[in-house]
Asks: 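I'd like to ask you about the structure that follows.
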Amino acid sequence: MSRTPVTVRAAAAADVASLRELWSDILRRGALDEQLADVAGIVADADAREDRCVVVAEVDGELAGAVYLEATTFTPLNLEPAVLAVSPHVFTQFRRKGVGSALIEAACRFAEQHGISHVQTAAAAEARDANRFMARLSFSPQATLRAATTSAVRARLPQSRQVTHAATSRQRIDRVLAARRIRRERVPG
């Protein structure tokens, strides 16, 4: 099977619109201009730092995929150095052309340049192809990352915890009202 040549390079400001399109499913919800500003900030920040990089892959001069790389630690508690390869995404029309492999190769190169012996990444739980691809490259599951809105989590917490929180809120309100009362009493009328 012949593969189209894939080239990788650091992202530039000119790539921002394509990166916003590529990562649209993982960016914060908002208006197009907000997302473009977010991506532009990410690219600029990565360009200014040694420990971060946004790598883009191109096929025939067209942006085909990208990954955000950061030299960090496994977790804030496990201080073993690791390169975090965040959101290695490939546009649909460029899948199965070696773009994903080129992005992960770039992550390995970045890790080696920083003297780091581990690369970690994540794929959405429902992304079967991405998870299979990562498994074929010897990435093993380390954790399950879960997310929910604060209000949804609070609604599921035991009522005793919520009552304690409510009492704490009432105590804060009482302190604020008392402080205001004291200020009013001190102000000459």
Side-chain angles (χ1 to χ4, degrees), residues 1-75 81-143 145 147:
M1 172 164 91
S2 170
R3 291 196 184 243
T4 307
V6 178
T7 57
V8 294
R9 61 173 174 78
D15 300 316
V16 168
S18 294
L19 290 170
R20 198 236 38 107
E21 182 184 347
L22 180 67
W23 287 331
S24 63
D25 62 330
I26 59 155
L27 295 173
R28 72 176 166 141
R29 289 184 173 94
L32 176 64
D33 59 331
E34 291 175 327
Q35 289 182 337
L36 287 169
D38 288 350
V39 174
I42 292 164
V43 170
D45 179 62
D47 189 45
R49 296 180 57 158
E50 289 286 322
D51 62 338
R52 296 182 182 166
C53 185
V54 177
V55 174
V56 297
E58 292 180 327
V59 173
D60 295 329
E62 191 175 348
L63 195 139
V67 64
Y68 173 91
L69 305 173
E70 182 175 353
T72 184
T73 59
F74 265 94
T75 70
V83 166
L84 180 59
V86 179
S87 296
H89 275 54
V90 177
F91 279 118
T92 307
Q93 67 269 28
F94 294 107
R95 293 195 177 141
R96 303 200 185 286
K97 295 184 186 301
V99 176
S101 295
L103 294 173
I104 299 302
E105 169 62 30
C108 291
R109 221 174 15 260
F110 185 80
E112 290 165 350
Q113 289 168 352
H114 288 80
I116 296 174
S117 60
H118 291 90
V119 176
Q120 56 186 359
T121 190
E126 66 274 1
R128 284 180 68 190
D129 288 341
N131 280 296
R132 286 180 177 168
F133 173 74
M134 295 304 171
R136 279 195 309 272
L137 293 176
S138 78
F139 287 98
S140 62
Q142 295 296 307
L145 179 65

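Since the structure is predicted, the reported quantities are computational estimates derived from the model, not experimental observations.
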Asks: Less than 4.5 Å apart, side chain to side chain, heavy atoms only: is that true for Asp45 and Arg52?
Replies: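 Side chain of Asp45 against side chain of Arg52, heavy atoms only: contact under 4.5 Å found.
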
Asks: What heavy-atom pair brings Ala106 and Val55 nearest, and what distance separates the two atoms?
Replies: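 Taking every non-hydrogen atom into account, CB-CG1, 3.8 Å.
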
Asks: Just how far is it from atom CG of Leu69 to atom CG of Leu84, taken to the nearest 0.5 Å?
Replies: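 If I round to the nearest 0.5 Å, the distance is 8.5 Å.
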
Asks: Do the non-hydrogen side-chain atoms of His89 and Ile26 ever get within less than 4.5 Å of each other?
Replies: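 Counting from C-beta outward, His89 and Ile26 do come under 4.5 Å.
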
Asks: Run through Val67, Leu103, Val59 and flag the one making a side chain to side chain contact (heavy atoms under 4.5 Å, CB included) with Val90.
Replies: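 It is Leu103; the other options fail the test.
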
Asks: Leu27 versus Glu34: any side-chain heavy-atom pair under 4.5 Å?
Replies: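 Contact flag for Leu27/Glu34 side chains = no.
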
Asks: Considering only heavy atoms from C-beta outward, does the side chain of Pro88 approach that of Met134 to under 4.5 Å?
Replies: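 Yes, at least one pair of side-chain atoms sits under 4.5 Å.
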
Asks: Is there side-chain contact between Glu105 and Val8, with at least one heavy-atom pair below 4.5 Å?
Replies: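 No, too far: nothing below the 4.5 Å cut-off.
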
Asks: How long is the span from the OG atom in Ser140 to the CD atom in Gln120, to the nearest 0.5 Å?
Replies: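 Between atom OG of Ser140 and atom CD of Gln120 there are 10.5 Å.
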
Asks: Measure the CD1-CZ distance between Ile104 and Phe139 for me, rounded to the nearest 0.5 Å.
Replies: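 It comes to 5.0 Å.
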
Asks: Determine the minimum heavy-atom distance between Asp51 and His114, stating which atoms define it.
Replies: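 Minimum heavy-atom separation between Asp51 and His114: CA-NE2, 4.1 Å.
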
Asks: How far apart are the closest heavy atoms of Val6 and Ala57, and which atoms are they?
Replies: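 Looking at all heavy atoms of both residues, the shortest contact is CG1-CB, 3.9 Å.
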
Asks: Rounded to the nearest 0.5 Å, how far does CD1 of Ile42 lie from CG of Asp47?
Replies: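 Here the interatomic distance stands at 13.5 Å.
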
Asks: So, do Glu62 and Phe91 sit near enough that their side-chain heavy atoms are less than 4.5 Å apart?
Replies: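 A side-chain contact under 4.5 Å is absent here.
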
Asks: Calculate, to the nearest 0.5 Å, the distance between atoms CG and OH belonging to Leu19 and Tyr68 respectively.
Replies: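 With rounding to 0.5 Å, CG (Leu19) is 13.0 Å from OH (Tyr68).
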
Asks: Which atom names give the shortest non-hydrogen contact between Ala85 and Val119, and what distance separates them?
Replies: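 Distance-wise, the nearest heavy atoms are CB-CG1, 4.4 Å.
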
Asks: Can you name the closest pair of heavy atoms from Ala17 and Leu36 and give their distance?
Replies: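 So the minimum-distance heavy-atom pair works out to CA-CD2, 3.8 Å.
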
Asks: Tell me if the CD atom of Glu50 is crowded by more than 12 foreign heavy atoms within 6.0 Å.
Replies: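 No - once you tally the heavy atoms of other residues, nucleotides and ligands closer than 6.0 Å, there are 12 at most.
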
Asks: Side-chain contact, heavy-atom cut-off 4.5 Å: Gln35 with Trp23?
Replies: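 No - every pair of side-chain heavy atoms lies 4.5 Å or more apart.
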
Asks: Under 4.0 Å between a side-chain nitrogen and a carboxylate oxygen: does that hold for Arg9 and Asp15?
Replies: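 Looking at Arg9 and Asp15, the cut-off is met.
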
Asks: Looking only at non-hydrogen atoms, find the nearest pair between Ala66 and Val56 and report the distance.
Replies: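 In this case the closest contact between Ala66 and Val56 is CB-CG1, 4.0 Å.
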
